[in-house]
Number of protein chains: 2
Amino acid sequence: MADEARPSVTGVKAHRIFLLLKEAIASGALAPGDRLPGELKLAEQHEVSRVTVRRAMEALREAGLVARRPGVGTVVQEQPMASTVTASVSNLLPNMVRMSAASNVRLLEFRYVEATGVVRERLGLKAGERVQRSIRVRLMDDKPFSYLVTHVPERIALQYTEADLARTPLFALLERSGVTVDRATQTISAALAGPETARALELAEGSALIALNRVVFDQTGAGVEHLDALYRPDRYRIQMELTRAGDEAERYWEPLAGEPLAGEPAAAGARASGGG
Amino acid sequence: MADEARPSVTGVKAHRIFLLLKEAIASGALAPGDRLPGELKLAEQHEVSRVTVRRAMEALREAGLVARRPGVGTVVQEQPMASTVTASVSNLLPNMVRMSAASNVRLLEFRYVEATGVVRERLGLKAGERVQRSIRVRLMDDKPFSYLVTHVPERIALQYTEADLARTPLFALLERSGVTVDRATQTISAALAGPETARALELAEGSALIALNRVVFDQTGAGVEHLDALYRPDRYRIQMELTRAGDEAERYWEPLAGEPLAGEPAAAGARASGGG
DNA sequence: ACAAAATGTATTATAGAAAGTACAATCAAA
DNA sequence: TTTGATTGTACTTTCTATAATACATTTTGT
């Protein structure tokens, strides 16, 4: 939603009102074409000054959510679709290959370090073993959408170069290095953008990000890749198709495997949050 | 994890730094025993004054997350096991049933409204059709972890009562209402906690939340449920086991269906799972 | 033409957050 | 013991969000 690399709304009260209105719009409570209450009325309702309401409203306009005209009022605008990368869980690699064609990568870091903490533990490494740590930012149409921190055991990582990593998906590099990928564990969470990641992803500190952790194992059960990924929710979505399986007693959702997604980015609407 | 329903931190910048550090601790990026960077270093990193960093750090101490000692530094404290609900995508319903036993529900809203915007569109309803809108908060050990907004077409929702919804998972109610659930589309994103959700989930405004949207369809392809869920990432995780499938040319990840999860965040039976 | 309602612009005042600086106290390691 | 890194404390200054008020400008409807 409108990059907002610098927080367009200053102050806590103003920001609070901004969020409330933004949510009302995102949820459809205020549909495109609807007129918002006047500044005075909103100031009264929220028990703040008109200046404060004004800041919130101007932020909405900057974000392209509303249009304001003197004498008329503030009306909700029709939203242009934002181009969003959609990842289907059941169809990861083909998507990635497709994506690689249209996307670029910035390699922010590439070095060998000693494995520590969770990384060492989850990859099943011994104390003192070294890993290749890399940080990449992936861009689509020159707009960054993901921040990827990977750790790969040294013995595997030595099979490819820094240049390789800047060009080729890590996945392909692993295969090329003779690794037979077998299974992976993936956890999805959420996180706030810190100073580093905010800069890399070109958004405001404190923005919400999708946090994904994936540990990949080969056929021997040895860990071959540890990924910590952060995604901009307005440019990246994780999508799943589920079907119902099992009999009466024990029904459950079963992810639909290998189903090519219908609409690529196209639909997906520019609405992000849904907070509040 | 010291709920901090009222932000103990004054100021926006200080509060943001507080949230970032808190999250780093919650996620395990900063493990118990680890030393945080010094106040000066943090001030530099975040481009703020030391006073501001200080406010954030003191809030962390108040929250019991860190211990601070002059001459030593600020170290992450051992945390009393936060009970985390882990949802396995491939195993939704059985988990949900298990969970229902150990968890409570607060019903915040239950009313019938006209379907608008995305909800109407995604459920495939005609203009003017009505839906039953409900807001529920799910709790585990009296601690809220999810905020669920559901929309169900009126004709289906009339088959169950408000009391039913406060007791029984919506899923079971749909089945009981004669609906044959067939498939669902699920999208995972991230969002910030707004005023409403922050209060309901007992955390600070501006915290990061997992945002999940699910649209459920019956065998005729008609939409029967629209769920917008927000989860506290420190109390809820979405987990997936993936295996590699396909041949050389077109390999892809395939979610492992029905696989009971192996090693879990350790002890204390604090694991259940499920969705809306 | 006029009035009503809305946004746009300006000014002043206040409180609180943040910056900047300086120095003291505490601990650990060389 | 000395040195360096850390937190604790104190103070002044600058900046900014907010409040309160006033008036101009634009549009719509009577």
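Letters A, B, ... mirror the listed sequences (proteins, then strands); counts begin at 1.
The CZ atom of B:R50 sits 14 Å away from the P atom of C:dC23 (whole-angstrom rounding). One interatomic measurement links the two molecules: CG of B:L40 to C1' of C:dA22, which rounds to 13 Å at whole-angstrom precision. Atom CZ of A:R35 is separated from atom C1' of C:dA4 by 12 Å (rounded to the nearest Å). Distance CD (B:E39) to C1' (C:dC23): 15 Å, rounded to an integer number of Å. Distance, B:E44 CD to C:dA19 P: 14 Å, rounded to whole Å. Between A:E47 atom CD and D:dA19 atom C1' there is a gap of 14 Å when expressed in whole angstrom units. A straight line from NZ of B:K13 to P of D:dC15 spans 12 Å, rounded to a whole angstrom. In this structure, the NE2 atom of B:H46 is 12 Å from the P atom of C:dA19, given to the nearest Å.
Within the structure, a side-chain polar atom (N or O) of A:R68 is placed less than 4.0 Å from OP1 or OP2 of C:dG8. Checking the phosphate oxygens (OP1, OP2) of D:dA19, a side-chain nitrogen or oxygen of A:T52 falls inside 4.0 Å. Here B:R61 reaches the OP1 or OP2 of D:dG8: one of its side-chain N or O atoms lies under 4.0 Å away. When the side-chain nitrogen and oxygen atoms of B:R54 are compared with OP1 and OP2 of D:dT7, none of them lie within a distance under 4.0 Å. Regarding contacts with the backbone of C:dA18, every side-chain N or O of B:S49 stays at 4.0 angstrom or more from both OP1 and OP2. Between D:dT6 and B:T74, no contact under 4.0 Å exists linking OP1 or OP2 to a side-chain N or O. Put simply, A:K41 has no side-chain N or O that comes within less than 4.0 Å of OP1 or OP2 on C:dA6.
Taking the six-membered ring for Trp and thresholds of 30 and 60 degrees, A:F18 and A:H15 have ring planes inclined between 30 and 60 degrees apart.
Residue B:R69 places no side-chain atom within donor-acceptor reach of the base of D:dG8, judged by atom type and a 3.5 Å distance cut-off alone.
Nucleic acid contact class of B:V51 (heavy atoms, under 4.0 Å, all strands): base.
When side chains are defined from C-beta on, A:V76 counts as touching A:L36, because their heavy atoms get closer than 4.5 Å.
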